[in-house]
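Notes to accompany the following structure.
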2 protein chains.
Amino acid sequence: MLQVKEKRNVTIVDIAEAAGVSRAAVSLVLRGKTGVGASARARVQQAMRDLGYVYNRGAANLRQSRSSVVGMIINDLTNPFFAELAVGIDRALQISNYMPFMANTAESVVRQVELIRSMREHGAVGLIVSPALDTDPDELAELAQDFPLVLAVRRIAGSRLASAVSQNREGAQAATRHLLGLGNRKIAFLGGRSATIIRAERLAGYRAALEAQGIAFDPALVIESMPTRLGGIDAMNAALSLPTRPDAALCFNDVVAMGAMIALNHHGLVPGRDIGIVGFDDIAEAALVSPPLTTIAVNAEVLGENAARLLLNQIRNGASAIENYVGDARLVVRGSCGAQGQTASIQTACLMPIQKGP
Amino acid sequence: MLQVKEKRNVTIVDIAEAAGVSRAAVSLVLRGKTGVGASARARVQQAMRDLGYVYNRGAANLRQSRSSVVGMIINDLTNPFFAELAVGIDRALQISNYMPFMANTAESVVRQVELIRSMREHGAVGLIVSPALDTDPDELAELAQDFPLVLAVRRIAGSRLASAVSQNREGAQAATRHLLGLGNRKIAFLGGRSATIIRAERLAGYRAALEAQGIAFDPALVIESMPTRLGGIDAMNAALSLPTRPDAALCFNDVVAMGAMIALNHHGLVPGRDIGIVGFDDIAEAALVSPPLTTIAVNAEVLGENAARLLLNQIRNGASAIENYVGDARLVVRGSCGAQGQTASIQTACLMPIQKGP
DNA sequence: CATGTTTAATAGAACGATCTAGTAATACAA
DNA sequence: TTGTATTACTAGATCGTTCTATTAAACATG
């Protein structure tokens, strides 16, 4: 009678048996602790190789209730800015010997709550979230009361949460000032969702720069859209159908700016000549598009590293360690704003450090 | 005497106590099974809310030894092509009620083996890997013998593994034929690492197209580099320092092509006019750069969805279900190859479907 | 009324690791 | 010889859940 083998997992018990020692001894070997002799240790290691043993971290965490998993939840990985952010977070956590697991919400709040729950259920000891649009502030605030949580890039209305963000107001102000300096007077603000803090901040900077020049803020020039390429196309189309066309546009971010440039092309207009365009983020592609995009540079990787740092502080020191980081945002002038003279040299200067070699 | 509370986790036992039922009853409620009355069920749910219960999936998996976690390990998330691939995989797995966890290797094989191990340790039931450069084929092959594994984008030398890849040979052949049709004779092949199958396939297509026209394959025109923007810069610089400069270049992928275009700019050359450039992948940015990039379109999201499909088949049907998927690759003519006339209309045609609205 | 059948509910073993508290054996000092 | 450290090793409890087997009651059915 042939016995059908139930394909049971290889466990610590099997190893113990094969090596002729106790479970406890195997466990010690597994964790590299002392208290087991050289010969026994060797036998255990051999047995693990022979039987194809896979450590069961779930079982281990059950007992010691402290995993090293942290979750990162990103709103849109197809936006290069967030991809770079994610890589920055990932690298920093890795260096500190945490195991980052990543997930993408694609701006779905429903998916986001699923992911947050799932990551906690899997024993994550902390979470870095770049929140989806329309995220419920109270939900995250409540979670953060007894769980290490850091927001990245997007802060959330009315909640006192740790966050790593950039100088949105200052950046937008510098950008607007630059456009004004080039002689533009009718400057649109394109894209982004109005309910978000990040947009409110950038909008405030835009407004402040206008009013500093004695130019009245005109709500008709502020056009909301999704913070995506497609949103940028929509926003620019809307801007072009205004009674009088704007001279220039400050875009919510670089992908919106690229969408806006596509829309301009469709209308036979040339960015930088017919309408000045400025973006925000300085993604790697910004220097490559045509014309090269003038933008506000935010170092996504550094932002990510700081988000990681804040999270680790919270994990180690508890709720007492709720801090914030604000990364700087500086203007990078390329061609799309219409400042043609400066283009070539600056473009070159900003290109090379984009990517580190292996 | 104030008693210091050990902050123990809220467990199913606490809920049971609070609701005045047994652990088993709580477990049933948790999983939405029948066998518990309406009033008891309500009490349990209330208690869970009151106490802030978090399900411990590790403990559950320990007992039932079947999680729904699958891992996806990506070689370079800062390359938009792989970001789109990741999003495609993610979406497909999500639809099938699996919980995808993602991680980035940044082309590090060391990191890759760590991640593979970690994901198995955390109970992943399968893995989709877009392998890092220099991945050890035997290692993955051995793993795949008793573990559901699918390779995405990059196949691995000499191993019979499930994979979802694209028509590399056909795509490169079409691209080369197109460049030849435009009158180019001295066509370089730029970028990519020579040890990879994917590059060998693309190179074979390139070579086949050349030889079909009676043009001898010239190894000096084939330049290796990292498959990154920086690699593209290096490769093009090398190509420009050849004794005689090439007429055109087929680039390993789009980011290499963009790097190549940067290098051309540095040398004061114009892509499409002085040297024709063709890429591979058709990332969203390809249509936006200057000039718009002629490339071989590969639908990364569809590739990802198919990788997910193959993995699910394997998970459900075991090792018998090792299949392969080959996505098609078609030429998209824009400006960078030098075929100026067709640019505008095609560029427009290919732009709109890139991104789906919310 | 006896006899099934369904439903609600539970106790106790199990999953795979770690931790505690211990035993046995050796080495070293007095 | 005895006492004391140190080292190698282990049995059994434990973590939070699910599963199996069982009981008890409620409800039909002939």
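Both backbone and side-chain heavy atoms feed into the values below; hydrogens, waters and symmetry mates do not. Here is how names work: the chains are called A, B, and so on, in the same order as the sequence lines, proteins then strands, and each is numbered from 1.
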No-H, no-angle donor-acceptor pair, B:Arg63 side chain to D:dT17 base, under 3.5 Å | no
In residues 310-318 of chain B, what donor-acceptor pairs under 3.5 Å come from side-chain atoms, sequence neighbours left out?
from     : atom 1 : to       : atom 2 : distance (Å)
B:Asn313 : ND2    : B:Glu323 : OE2    : 2.8
B:Gln314 : OE1    : B:Leu149 : N      : 3.3
B:Gln314 : NE2    : B:Leu149 : O      : 3.1

How far apart are the closest heavy atoms of B:Leu77 and A:Ala83, and which atoms are they?
-> O-CB, 3.6 Å
Sugar-phosphate, base or nothing in reach of B:Thr11, heavy atoms under 4.0 Å = sugar-phosphate
Could you state the CG-P distance from B:Asn61 to D:dT17, rounded to the nearest angstrom?
-> 12 Å
Does a side chain donor of either B:Asn324 or B:Ser163 reach within less than 3.5 Å of an acceptor in the other side chain?
-> yes
Pairwise 5' ranking along DNA chain C for B:Gln64 and B:Leu28, keeping only the more 5' one = B:Leu28
Take the angle between the ring planes of A:His122 and B:Phe101 and call it parallel below 30°, perpendicular above 60°, tilted in between.
-> perpendicular
Just wondering, do A:Leu133 and A:Arg154 contact through their side chains at under 4.5 Å, heavy atoms?
-> yes
Tell me yes or no: between the side chains of B:Asn9 and B:Thr11, is some donor less than 3.5 Å from an acceptor?
-> no
Any chance CD of B:Glu142 has more than 12 other-residue heavy atoms, nucleotides or ligands included, within less than 6.0 Å?
-> no
B:Leu51 CG to D:dG16 P, straight-line distance once rounded to whole Å = 14 Å
At the 4.0 Å heavy-atom cut-off to chain B, mark where contacts on DNA chain C begin and end, going 5' to 3'.
-> C:dA8 to C:dG16
DNA chain D nearest-nucleotide lookup for B:Lys33 and B:Leu62: closer to the 5′ end is B:Leu62
Exam field: side chain B:Arg120 to backbone B:Ile116, donor-acceptor pair closer than 3.5 Å | no
For residues 14-24 of chain B, which residues have at least one heavy atom under 4.0 Å from DNA chain D?
-> B:Arg23, B:Ala24
Run the salt bridge (charged side-chain N to carboxylate O under 4.0 Å, His left out) check on B:Arg111 and B:Glu114 step by step: do they pass?
-> CA-CA 5 Å; B:Arg111 180 65 181 160; B:Glu114 277 178 18; 2.8 Å; yes
Within this structure, what is the CD-to-C1' distance between A:Glu121 and D:dG16, rounded to whole angstrom?
-> 13 Å
Identify whether any heavy atom of A:Gly35 sits under 4.0 Å from a base atom; if not, whether one sits that close to sugar-phosphate; answer base, sugar-phosphate or nothing.
-> base
